[in-house]
2 protein chains.
Amino acid sequence: MDLVQVIKVLGDENRLRILNLLKYGELCVCEIERLLDTNQSNTSRHLNKLTLANLICYEKRALYVYYKINNKALEELLFLKELVNNELCKVEKCKADLERLNKYKNSGLSCEDLKEGKGCLKL
Amino acid sequence: MDLVQVIKVLGDENRLRILNLLKYGELCVCEIERLLDTNQSNTSRHLNKLTLANLICYEKRALYVYYKINNKALEELLFLKELVNNELCKVEKCKADLERLNKYKNSGLSCEDLKEGKGCLKL
DNA sequence: ATAATATATGAGTGAAAGCGAATATAGTAA
DNA sequence: TTACTATATTCGCTTTCACTCATATATTAT
């Protein structure tokens, strides 16, 4: 995928928020879905676009698919590295996302608990 | 304008080509129009979007409007600086644009000559 | 004043993109 | 096997966006 297409993929709030969330480690689809407060279909589509642009990659374990940043892309596209590492953290929504992510991680819950409405990611 | 909107503005081939052209100095609209090989209306619209995103600025002199990179934006958004300075030069179309730009500059012609079909920017 | 030119803008069109609801697929568990 | 769950994909809808053509605006020249 060429540079213009990669930038087009980056030019969406939900996808920037996903990159920001994945900066600190992998997450499965249902976790991202709750954190973004959108539905499963939409989340999956955004993850697919990021994957096609080689910005993230995934690993399937049992029923769950875990997504993470493709660090190789960050090394090859330094503007992307700068964006992810030093610019996203200034965006208000991204800050709020990280707060919720931390609460979730500190709660000790896993994605299996989310469907029951436990924890801090309930709607 | 927030980060997402700025990236959306960046996610267009013509606008990336304009930024690449302006990297080496100011150009007026009719010069950019010829270099991109598109029409006047389209060129003006792209320039307007880049201006609204604060990525470029302009100065009107006589009948002509000269656009140039807003270097303040490059200092404030380092990913943008990296993109403009080190990434655009890898894009094939941008390379070709710079070749044509150099030919034009070396020809000694000005934008007033373009309408007569002189020089290397004729259609 | 009028004419000519550079640039901006309005209107319309077609393509692309994001979204929600429903459905399909794949893996797990009983 | 059947039932259940996580994720992906299809469909239809709506919005956004780039583009072209035509027109408006502003500046200069005559």
Side-chain angles (χ1 to χ4, degrees), chain A residues 1-2 4-18 26-53 56-68 109-118 121 123, chain B residues 1 4-18 26-53 56-68 93 109-118 121 123:
Chain A
M1 189 173 298
D2 67 17
V4 183
Q5 297 307 313
V6 170
I7 297 178
K8 273 189 209 290
V9 170
L10 291 171
D12 176 89
E13 180 180 278
N14 281 322
R15 291 193 287 268
L16 286 185
R17 288 173 71 192
I18 291 173
E26 64 180 21
L27 291 169
C28 75
V29 181
C30 62
E31 290 168 327
I32 297 169
E33 172 189 346
R34 298 302 180 97
L35 285 159
L36 294 184
D37 200 10
T38 182
N39 61 40
Q40 184 270 320
S41 165
N42 204 23
T43 305
S44 180
R45 263 193 298 249
H46 284 306
L47 288 167
N48 182 249
K49 287 207 170 190
L50 287 164
T51 303
L52 289 176
I56 62 177
C57 50
Y58 63 90
E59 188 183 335
K60 186 157 190 167
R61 297 204 291 275
L63 261 186
Y64 301 90
V65 179
Y66 293 87
Y67 283 88
K68 63 179 176 181
L109 296 173
S110 74
C111 56
E112 296 177 25
D113 303 307
L114 292 177
K115 59 182 171 296
E116 297 155 35
K118 288 185 199 168
L121 299 186
L123 307 178
Chain B
M1 189 173 299
V4 184
Q5 297 307 314
V6 170
I7 297 178
K8 275 188 207 290
V9 169
L10 291 171
D12 177 88
E13 181 181 279
N14 281 323
R15 291 193 286 270
L16 286 185
R17 289 173 70 191
I18 290 173
E26 65 180 20
L27 292 169
C28 75
V29 181
C30 61
E31 290 168 327
I32 296 169
E33 173 189 345
R34 299 301 181 97
L35 285 159
L36 294 184
D37 200 9
T38 181
N39 62 39
Q40 184 270 319
S41 168
N42 203 23
T43 305
S44 179
R45 275 174 217 285
H46 284 306
L47 289 167
N48 182 251
K49 288 210 168 190
L50 288 164
T51 303
L52 288 177
I56 61 177
C57 50
Y58 63 90
E59 188 183 336
K60 186 157 190 171
R61 296 203 294 273
L63 214 43
Y64 300 90
V65 179
Y66 293 87
Y67 284 88
K68 62 179 176 182
K93 281 216 177 177
L109 296 172
S110 74
C111 56
E112 296 178 25
D113 303 307
L114 291 178
K115 58 182 172 298
E116 297 155 33
K118 290 185 198 167
L121 299 186
L123 309 177

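Convention: sequence-line order gives letters A, B, ...; per-chain numbering from 1. Hydrogens, waters and symmetry mates are skipped; everything else that's a heavy atom, side chains included, is used.
Set against C:dC19, D:dT9, C:dA26, the side chain of A:S44 has D:dT9 as its closest nucleotide. For A:R45, counting side-chain heavy atoms from C-beta on, the closest listed nucleotide (C:dT9, C:dC19, D:dA18) is C:dC19. Closest to the side chain of A:K49, from the set C:dA17, C:dA26, D:dC17, is C:dA17. Candidate nucleotides C:dT28, C:dT7, D:dA18 were compared by shortest atom distance to the side chain of B:C28, and C:dT7 ranks first. Listed candidates were D:dA18, D:dT7, C:dG18. Nearest to the side chain of A:D12 is C:dG18. In the set C:dT7, D:dC17, D:dC19, the nucleotide with an atom closest to the side chain of B:N14 is D:dC19. Taking every side-chain heavy atom of B:V29 into account, C:dT7 is the closest of C:dT7, D:dA18, D:dT27. Picking from C:dT9, D:dA18, D:dA8 the nucleotide with the shortest atom distance to the side chain of A:V65 gives D:dA8. Among the nucleotides C:dA8, D:dC17, D:dA6, the one closest to the side chain of B:K8 is D:dC17. For B:S41, the listed nucleotide lying nearest its side chain is D:dA22; candidates were D:dA8, C:dT7, D:dA22.
For A:N48 and C:dA24, the CG to P distance is 20 Å, given to the nearest whole Å. With rounding to whole Å, A:L50 atom CG is found 16 Å from D:dT7 atom P. Here C:dT9 presents its P atom at 11 Å from CG of B:L47, a figure rounded to the nearest Å. The distance between atom CZ of A:R61 and atom C1' of C:dA26, rounded to the nearest whole Å, is 17 Å. Here C:dT7 presents its C1' atom at 14 Å from CD of B:E31, a figure rounded to the nearest Å. Rounded to an integer number of Å, the gap from CG of A:L10 to P of C:dA17 is 14 Å. Atom CG in B:N42 sits about 15 Å away from atom P in D:dC17, given to the nearest Å. To the nearest angstrom, P of D:dT16 lies 19 Å from CD1 of B:I7.
Distances shorter than 4.0 Å separate some side-chain N or O of A:H46 from OP1 or OP2 on C:dC19. Contact check, B:Y67 against C:dA8: a side-chain N or O comes under 4.0 Å of OP1 or OP2. Dashed line: the shortest gap from a side-chain N or O of B:R15 to OP1 or OP2 of D:dA18 is under 4.0 Å.
With rounding to the nearest 0.5 Å, the separation of CD in A:Q40 from CZ in A:R45 is 9.5 Å. With rounding to the nearest 0.5 Å, the separation of CG in A:D37 from CD1 in A:I32 is 14.0 Å. From B:L36, atom CG reaches atom NE2 of B:H46 across 8.0 Å, with rounding to the nearest 0.5 Å. Summarising the geometry, atom CG belonging to A:L35 is positioned 10.0 Å from atom CD1 belonging to A:I18; distances are rounded to the nearest 0.5 Å. Atoms NZ and NZ, on A:K49 and A:K8 in that order, are 10.0 Å from each other to the nearest 0.5 Å.
In this structure, B:Q5 and B:K60 both approach DNA chain D, and ranking their closest nucleotides by distance from the 5' end singles out B:Q5. Each of A:V9 and A:A62 has a nearest nucleotide on DNA chain C; the 5'-most of these lies closest to A:V9.
For OH of B:Y58, the number of neighbouring non-hydrogen atoms (other residues, nucleotides, ligands) closer than 6.0 Å is 12 at most.
Side-chain atoms of B:Q40 and base atoms of C:dA6 include no donor and acceptor less than 3.5 Å apart.
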